[in-house]
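Below, chain A is the first sequence line, B the second, and so on; all start at residue 1. Note that this is a predicted model, so its numbers are computed, not measured.
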Number of protein chains: 2
Amino acid sequence: MGVKANMDGEKRLIQARERVIDAISQNMHLYGVTESVGRLYGALYFQEDPMTLDEMKDELGMSKTSMSTSVRNLMDLKMVDKVWRKGVRKDLYQAEPDWYQTFIDFFTIKWRAGVNINVSAMEKSLTELHLLIEDNETDERIKNMARVDCEKILAALEYYDWLNRLVDSFESGEIFQYIPKKR
Amino acid sequence: MGVKANMDGEKRLIQARERVIDAISQNMHLYGVTESVGRLYGALYFQEDPMTLDEMKDELGMSKTSMSTSVRNLMDLKMVDKVWRKGVRKDLYQAEPDWYQTFIDFFTIKWRAGVNINVSAMEKSLTELHLLIEDNETDERIKNMARVDCEKILAALEYYDWLNRLVDSFESGEIFQYIPKKR
DNA sequence: AAGTACGTACAGAAAAAACTGTACGAAGTA
DNA sequence: TACTTCGTACAGTTTTTTCTGTACGTACTT
């Protein structure tokens with residue numbers, strides 16, 4: 001078997017990987033993750049061993065600084081873990097291989113953040129609107145607008161309660177009772 | 001009741017709205033939607049009547065061009081509908097008020113797009129990897145790597161099948177059997 | 001048919017973000 | 001203790017995205 005054939009085989013392998021990595025990063029980009037960060041996750045996913053920052057930098061042809069921030073980004077999303085290996089001084093990172101878990105972590109993190117932002121703002125505004133409605137000084141027209149706004153906010157809060165319960169069922173794995181992993 | 005009190009009431013109302021609108025736009029920003037687009041959705045949500053592009057432009061203090069593209073953006077996400085009103089020549093837009101539906105549309109659109117991107121890339125690469133494995137010319141080391149990659153891709157495809165079924169349960173409303181709207 | 005209002009394509013300007021290189025602190029090594 | 005190695009904070013640059021103004025096609029009005 002010639003060297004040429006090997007080279008070719010390796011090239012074909014890399015190309016097949018690259019296509020999938022591109023798709024992964026495009027996909028992640030849909031949810032506001034940089035394509036570079038997505039490619040890094042893809043590279044880590046296919047890499048057999050955990051990688052150091054320097055290896056990532058060589059693999060993606062980017063600066064070490066970028067690798068540092070990108071990998072931290074992925075860690076925040078729980079898509080990558082730092083691993084320890086005896087005798088290795090550098091930090092090692094590996095991709096979380098369980099995509100079910102990755103999906104759940106990714107969205108529960110974001111959804112909970114969103115719920116928190118919105119619920120606290122809405123509760124605060126709701127209180128203010130009630131004060132406004134109960135205030136005798138308030139113009140009747142304004143009162144009516146405030147009442148409508150209260151209704152809208154209450155409807156939204158009800159939805160956020162639902163979203164919270166959805167997230168709970170993701171986190172607890174209860175969702176897999178309803179939508180099983182394997183058909 | 002003095003004019004001053006009215007003004008004040010209106011200001012308080014607007015402030016309460018503004019806080020919620022900010023939270024909404026921050027939230028939407030988490031998923032890669034521009035903050036301006038988010039604020040526009042928020043404005044439409046609280047506006048009692050459907051709005052024209054010119055009204056939006058005045059409300060947000062931005063160009064009409066931006067309103068045109070932003071509102072189209074929101075329509076693509078099914079967060080805003082164009083409505084028709086007798087005798088009104090301008091296009092009118094209103095926010096979809098049902099947040100359950102908005103949530104479902106938003107994520108099913110994105111998830112389906114992601115599934116399609118990834119599944120087609122993975123199937124193509126999977127075929128190529130199988131050819132590589134079956135090719136006698138291929139170096140054994142490469143074959144082994146290809147086998148590992150195949151496993152990873154198959155695991156991912158299984159996950160995408162699950163995601164597709166999850167999306168189905170969102171679209172059909174079946175999810176509300178498991179996670180009911182009201183407690 | 002001429003005039004006006006409306007929405008959007010497009011090119012360029014402004015703003016935001018992603019990325020890099022330098023510098024430095026922490027932690028290991030000799 | 002002096003010397004490396006490593007990771008990241010930060011400032012500045014590059015790239016990308018967002019936003020605006022102009023211009024034009026369509027459709028309504030007179």
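- Rounded to whole Å, atom C1' of D:dT8 lies 10 Å from atom OH of A:Tyr93.
- Between C:dT20 and A:Ser66, a contact under 4.0 Å exists linking OP1 or OP2 to a side-chain N or O.
- For the pair A:Leu53 CG and C:dG21 P, the interatomic distance rounds to 16 Å; values are reported in whole Å.
- With rounding to whole Å, A:Met56 atom CE is found 15 Å from C:dC19 atom P.
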Set out, in order, the CA-CA distance, both residues' side-chain angles and the distance that settles side-chain hydrogen bond (donor to acceptor under 3.5 Å, both in side chains) for B:Arg141 and B:Asn144, then state yes or no.
CA-CA 5 Å; B:Arg141 189 179 61 89; B:Asn144 279 330; over 6 Å; no
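- Regarding A:Arg72, its CZ atom lies at a distance of 13 Å from the C1' atom of D:dC10, rounded to whole Å.
- Taking atom CE on B:Met62 and atom C1' on D:dT18, their separation rounds to 8 Å, with Å as the unit.
- For B:Thr65 against D:dG21, a side-chain-to-base donor-acceptor contact under 3.5 Å is present.
- When the P atom of C:dA9 is taken as reference, atom CG of B:Asn73 falls 13 Å away, rounded to whole Å.
- DNA chain C is contacted by both B:Thr52 and A:Arg39; B:Thr52 maps to the nucleotide lying nearer its 5′ end (nearest heavy atom per residue).
- Distance CG (B:Asp91) to C1' (C:dG7): 7 Å, rounded to an integer number of Å.
- Ring geometry for A:Trp99 against A:Tyr41 counts as tilted: the plane angle lies between 30° and 60°, on a 0 to 90° scale.
- Residue contacts for A:Thr34: at a heavy-atom cut-off of 4.0 Å it reaches the sugar-phosphate backbone alone, with no base atom in range.
- Backbone-only engagement by A:Ser36 is indicated by non-hydrogen atom pairs under 4.0 Å involving sugar-phosphate atoms exclusively.
- Both A:Lys82 and A:Arg89 lie close to DNA chain D; mapped to their nearest nucleotides by heavy-atom distance, the more 5′-ward contact belongs to A:Arg89.
- In this structure, the CE atom of A:Met67 is 16 Å from the C1' atom of D:dC6, given to the nearest Å.
- Judged by a 6.0 Å distance limit and a 45° cone about the ring axis, B:Lys181 is positioned over the six-membered ring of B:Tyr100.
- The nearest heavy atom of DNA chain D to A:Lys64 and to B:Gly32 marks one nucleotide each, and the one closer to the 5' end goes with A:Lys64.
- B:Thr34 contributes no side-chain N or O that, together with a main-chain N or O of B:Val37, makes up a donor-acceptor pair within less than 3.5 Å.
- Counting distance only, with no hydrogens placed and no angle test, the side-chain atoms of B:Ser68 and the base atoms of C:dG7 include no donor-acceptor pair under 3.5 Å.
- A perpendicular orientation is assigned to the rings of A:Trp111 and B:Phe107, their planes being inclined by more than 60° (bins at 30° and 60°).
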